[in-house]
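To start, the structure under review is shown below, and the notes come after it.
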Amino acid sequence: APAEGAAGGVDAAKTAAAAAAAGGAQRSAKPAERPNYTPPDWAGAPSLQGELAVELIVRGEVRRRVTLDPQEHHCFLFGRAKNCDVVLEGIEPRASRFHCILQCRADSSELFVFDLKSAHGTLVNGKHIDPRTFVPVPIGGQLRFTADKQSP
């Protein structure tokens with residue numbers, strides 16, 4: 001999914017701290033709020049080849065495409081908040097501010113989705129996933145950010 005306003009994966013706190021250390025107006029700015037998430041022990045740089053991108057589709061039309069760099073960041077935050085890696089604001093109004101994480105597995109091509117106890121849930125290829133559980137997402141797989149009902 002597209003990464004507009006990406007703060008650099010869940011490593012945003014490091015980015016904010018580095019900007020603050022550099023001085024200037026950044027020094028007094030608060031770091032952007034991020035969800036409480038700790039990557040699993042198996043997380044890390046994947047062995048994926050080629051481009052990793054997410055397409056946000058509404059009513060069959062690609063509304064936004066986001067390229068993700070799994071060599072630089074090993075997990076990506078999806079949600080309506082502006083500091084998410086994949087911003088869903090304007091695409092899916094029922095998505096949570098911090099909806100889910102797309103997590104890379106070290107030395108593997110496997111990707112996993114982790115729902116952050118979102119209000120409306122997450123579907124992977126049409127199947128509801130349990131919150132706070134890692135579920136494999138195949139390359140080309142579909143994520144839906146409103147598992148409780150169809151989007152209008």
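Linking Ile, Leu, Val, Met, Phe, Trp and Tyr whenever their side-chain heavy atoms come within less than 4.5 Å leaves Val62 and Ile91 in two separate clusters.
A pairwise comparison of heavy atoms in Ile101 and Cys75 identifies CG2-CB, 3.8 Å as the closest pair. Minimum heavy-atom separation, Arg64 to Glu89: NH2-O, 3.5 Å. Of all heavy-atom pairs between Cys100 and Thr122, the closest is CB-OG1, 4.4 Å. The shortest heavy-atom contact between His128 and Gly121 is NE2-CA, 4.4 Å. Closest non-hydrogen pair, Leu77 versus Pro35, comes out as CD2-CD, 3.6 Å. The two residues Pro70 and His74 come nearest to each other via the heavy atoms O-CD2, 3.2 Å.
Looking at Gln103 and Pro39, their side chains come closer than 4.5 Å, going by heavy atoms from C-beta outward.
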Quiz item: Going through the checks in order, is the side-chain contact (heavy atoms from CB on, under 4.5 Å) test met by Leu116 and Arg132?
Solution: CA-CA 6 Å; Leu116 294 164; Arg132 306 199 70 75; 3.9 Å; yes
Exercise. Walk me through it: do Leu52 and Thr67 pass the test side-chain contact (heavy atoms from CB on, under 4.5 Å)?
Key: CA-CA 6 Å; Leu52 176 62; Thr67 302; over 6 Å; no
Practice problem: In sequence, state the C-alpha distance, the side-chain angles, and the governing distance for Asp115 and Arg144, and then conclude on salt bridge (Lys or Arg N to Asp or Glu O under 4.0 Å). | Solution: CA-CA 11 Å; Asp115 184 278; Arg144 182 180 291 264; over 6 Å; no
Practice problem: Please lay out, stage by stage, how Leu123 and Leu143 fare under the test side-chain contact (heavy atoms from CB on, under 4.5 Å). | Solution: CA-CA 6 Å; Leu123 292 170; Leu143 298 177; over 6 Å; no
Exercise. Start with the C-alpha distance between Arg34 and Asn83, add both sets of side-chain angles, then the distance that settles side-chain contact (heavy atoms from CB on, under 4.5 Å), and finish with yes or no.
Key: CA-CA 8 Å; Arg34 299 294 279 190; Asn83 64 324; 3.3 Å; yes
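Between the CZ atom in Arg97 and the SG atom in Cys84 there is a gap of 8.5 Å [rounded to 0.5 Å]. Between Ile129 atom CD1 and Ser118 atom OG the span is 8.0 Å, to the nearest 0.5 Å. Once rounded to the nearest 0.5 Å, the distance linking CG of Leu68 with CG of Leu102 reads 7.0 Å. Taken from CG in Asp69 to CD in Glu51, the straight-line distance is 10.5 Å, to the nearest 0.5 Å.
A salt bridge links Glu92 with Arg94; the closest basic N to acidic carboxylate O contact falls under 4.0 Å. A salt bridge is defined here as a Lys NZ or Arg NE, NH1 or NH2 lying under 4.0 Å from an Asp or Glu carboxylate O, and Arg105 with Asp41 fails to meet this definition. Using a cutoff of 4.0 Å between basic side-chain nitrogens and carboxylate oxygens, Lys82 and Glu33 are not scored as salt-bridged.
The aromatic rings of Phe112 and Trp42 sit tilted, their planes meeting at an angle between 30° and 60°.
Using modelled atom types, no side-chain atom of Asn125 and backbone atom of Gly141 make a donor-acceptor pair closer than 3.5 Å. The main-chain N or O of Leu48 is never found under 3.5 Å from a side-chain atom of Ser109 such that the two would form a donor-acceptor pair. In this structure, Arg63 contributes its side chain and Leu56 its backbone to no donor-acceptor pair below 3.5 Å.
Counting heavy atoms of neighbouring residues, nucleotides and ligands inside a 6.0 Å radius, atom CG of Asp107 does not exceed 12 of them.
Each of Tyr37, Phe78, Phe76, Phe98 was evaluated against Phe114; a single residue qualifies, Tyr37, per the ring-ring contact (aromatic ring centres under 6.0 Å, His included) test.
Aromatic pair His99/Phe145: centroids less than 6.0 angstrom apart.
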